[in-house]
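A short worksheet on the structure shown next.
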Amino acid sequence: MPPSFDNPRTTALAGVPGVRTTPRSDFLAAASERGFIHQCTDLDALDARLAEGPVLAYVGYDCTADSLHVGSLVSIMLLRLFQKCGHRPIVLLGGGTTRIGDPSGKDEARRLLSAEEIARNMAGIRRIFDKFIAFGDGPADAIFANNGDWLDKLLYIPLLREVGRHFSVSRMLSQESVRLRLEREEPLSFLEFNYMILQAYDFRELSRRLGCELQIGGSDQWGNIVAGIELARKSDGKTLYGLTTPLITTASGAKMGKTAEGAVWLNAELFSPYQYWQFWRNTEDGDVGRFLRLFTELPIAEIKKLEALEEAELNEAKKILATEATALCHGRQAAEAAEETARSVFEEGGSGEELPQVLIPRKSLARGVAAFELFVRAGLASSNGEARRLIRGGGARVNDRLMTSETESLSLADLDEEGKMRLSAGKKRHALVRAI
């Protein structure tokens, strides 16, 4: 019996409670071993299909910003693994669905973006994937697709008649993304309510156009994925599959990918390679092994040795994690430069030219600038109040000098001979101030 939109059937995997056998296909075996898989609509059937030969699978990304952040990295790494196992990935960019906004995991509606903003964001996101996945026209090369190519051409009444009749409103209301909004009495527009139908339409359209058989997404996309599988079964008589990745939280329970400076972007212009390296270096002890599996391509045997390290030695494993993860996103040279900068800053007291920098007019420094203001401008505090608390708490330093007064001003006298000063928030976060 195929998975049903009203009663989807899930199957567990190796490493997940309830597993019966180890997957036969290289992709599912490797993905399971590394912890990528949360749910699958029909593991046995998908495993058999993957073992037969190459399969096309897609992940969709709406273009709400001109970069993806580290929260998208699980699906990107899984697509990379999918390609390395001989299958063909499809990266679907939401030129159409971004105009609506996915309500999944959101308490309020997203801001509606203009066509120009969506196009600009799409261009920025495309550049990121070139670092992780090989694209081209060959049989094993990945494919870029834009759902605006078909969604923008839909006619409303034909869509209702041909697609809408396959969707139960009661089932749609039970979707977590919808149910939570209603329970919290937060507004849910009719525009957003249609998102599930359009994502299901995407899956069927990619099946028809390209022969795509598998959709991969985060665990919050489970209902949308199953909806597409059911639509293709009812309208086309096709068997499609769905796979979800787990929600990644840190060992302390925090949502992964957030720092005091904001999101951890995959675009170097928004989040420098050095900042990216530091993000991974600051991984909690309990997450080292899991993150090595998910975000690097080190062999499992080597990862097991690294995660077994304790206390100070575990810091070496964190450095390896940081360098390997940064190399995948920004290149090996940038990763090694970031590692060397960190070593210079933390072990030798160097200046760290690759640290995040903020430029301040020399005439402003001649008058003096409040230290707490510089900490905010350098991204080491999110507000003046937070910066003041950092100073009062003994966590702020200027050129390794502990700051004791929250009202202190910094001036030209605090610059070194090269016209810069180093700000530190705690032991791990630093920035350079340069006079111009």
Side-chain angles (χ1 to χ4, degrees), residues 1-12 16-18 37-42 58-64 69 71-72 74-75 92 94 96-113 147 151 154 156 159-160 163-204 215-235 240-250 253-258 263:
M1 175 181 173
S4 167
F5 178 61
D6 296 308
N7 185 27
R9 177 161 64 95
T10 65
T11 312
V16 180
I37 300 175
H38 178 62
Q39 286 175 299
C40 179
T41 52
D42 193 332
Y58 93 92
V59 179
Y61 301 88
D62 276 344
C63 307
T64 54
H69 54 69
S72 299
V74 174
S75 63
L92 179 66
T97 45
T98 305
R99 296 170 65 180
I100 293 175
D102 184 1
S104 301
K106 301 296 178 183
D107 288 333
E108 57 186 23
R110 297 181 187 270
R111 181 178 70 87
L112 293 181
L113 302 179
N147 63 18
L151 294 182
L154 289 177
Y156 188 60
L159 177 68
L160 290 179
V163 176
R165 63 191 178 91
H166 295 299
F167 287 79
S168 160
V169 171
S170 58
R171 170 61 182 158
M172 293 173 72
L173 288 171
S174 70
Q175 281 290 107
E176 184 177 14
S177 59
V178 174
R179 179 177 53 79
L180 291 177
R181 285 273 196 97
L182 297 178
E183 287 179 355
R184 296 169 181 168
E185 298 184 352
E186 296 286 347
L188 177 73
S189 71
F190 181 67
L191 186 69
E192 295 173 282
F193 188 61
N194 282 274
Y195 192 93
M196 179 194 304
I197 295 176
L198 296 184
Q199 184 168 327
Y201 190 93
D202 283 345
F203 198 0
R204 190 186 70 172
Q215 182 180 172
I216 297 171
S219 57
D220 61 339
Q221 296 297 313
W222 175 253
N224 293 338
I225 292 173
V226 175
I229 293 171
E230 184 72 356
L231 175 61
R233 182 183 69 83
K234 288 180 177 179
S235 63
L240 304 180
Y241 307 96
L243 201 63
T244 63
T245 57
L247 174 67
I248 304 299
T249 57
T250 65
K255 185 175 180 180
M256 183 196 169
K258 294 290 185 181

Flag side-chain contact, heavy atom, 4.5 Å: Y241 against L243: no
Closest non-hydrogen atom pair between F167 and A227, with its separation: CE2-CB, 3.9 Å
Euclidean distance, R204 CZ relative to S235 OG, rounded to 0.5 Å: 4.0 Å
Side chains of L198 and L154 in contact at under 4.5 Å (non-hydrogen atoms): yes
Distance (rounded to the nearest 0.5 Å) between L113 CG and I100 CD1: 12.5 Å
Side chains of Q215 and Q221 in contact at under 4.5 Å (non-hydrogen atoms): no
Closest non-hydrogen atom pair between P246 and H38, with its separation: N-CB, 3.6 Å
Nearest atoms (heavy-atom pairs only) where S174 meets R179: O-NE, 4.1 Å
Residue pair C40 / W222: nearest heavy atoms and the distance that separates them: C-CH2, 3.9 Å
Closest contact, heavy atoms only, Q199 versus Y58: O-OH, 3.8 Å
Reference residue T41; test side chain to side chain contact (heavy atoms under 4.5 Å, CB included); the match among L240, T244, I229: I229
Reported CZ-to-CE distance for the pair R171 and M196, which is rounded to 0.5 angstrom: 7.0 Å
Gap between atom CG of N194 and atom CG of L159 - 0.5 Å precision: 8.0 Å
Side-chain touch R99/L151, heavy atoms, less than 4.5 angstrom: no
Check against side-chain contact (heavy atoms from CB on, under 4.5 Å), V163 and I197: CA-CA 8 Å; V163 176; I197 295 176; 3.8 Å; yes
pair N224-Y195: side-chain heavy atoms closer than 4.5 Å: yes
Shortest non-hydrogen contact between G94 and C63, atoms and distance: N-SG, 3.9 Å
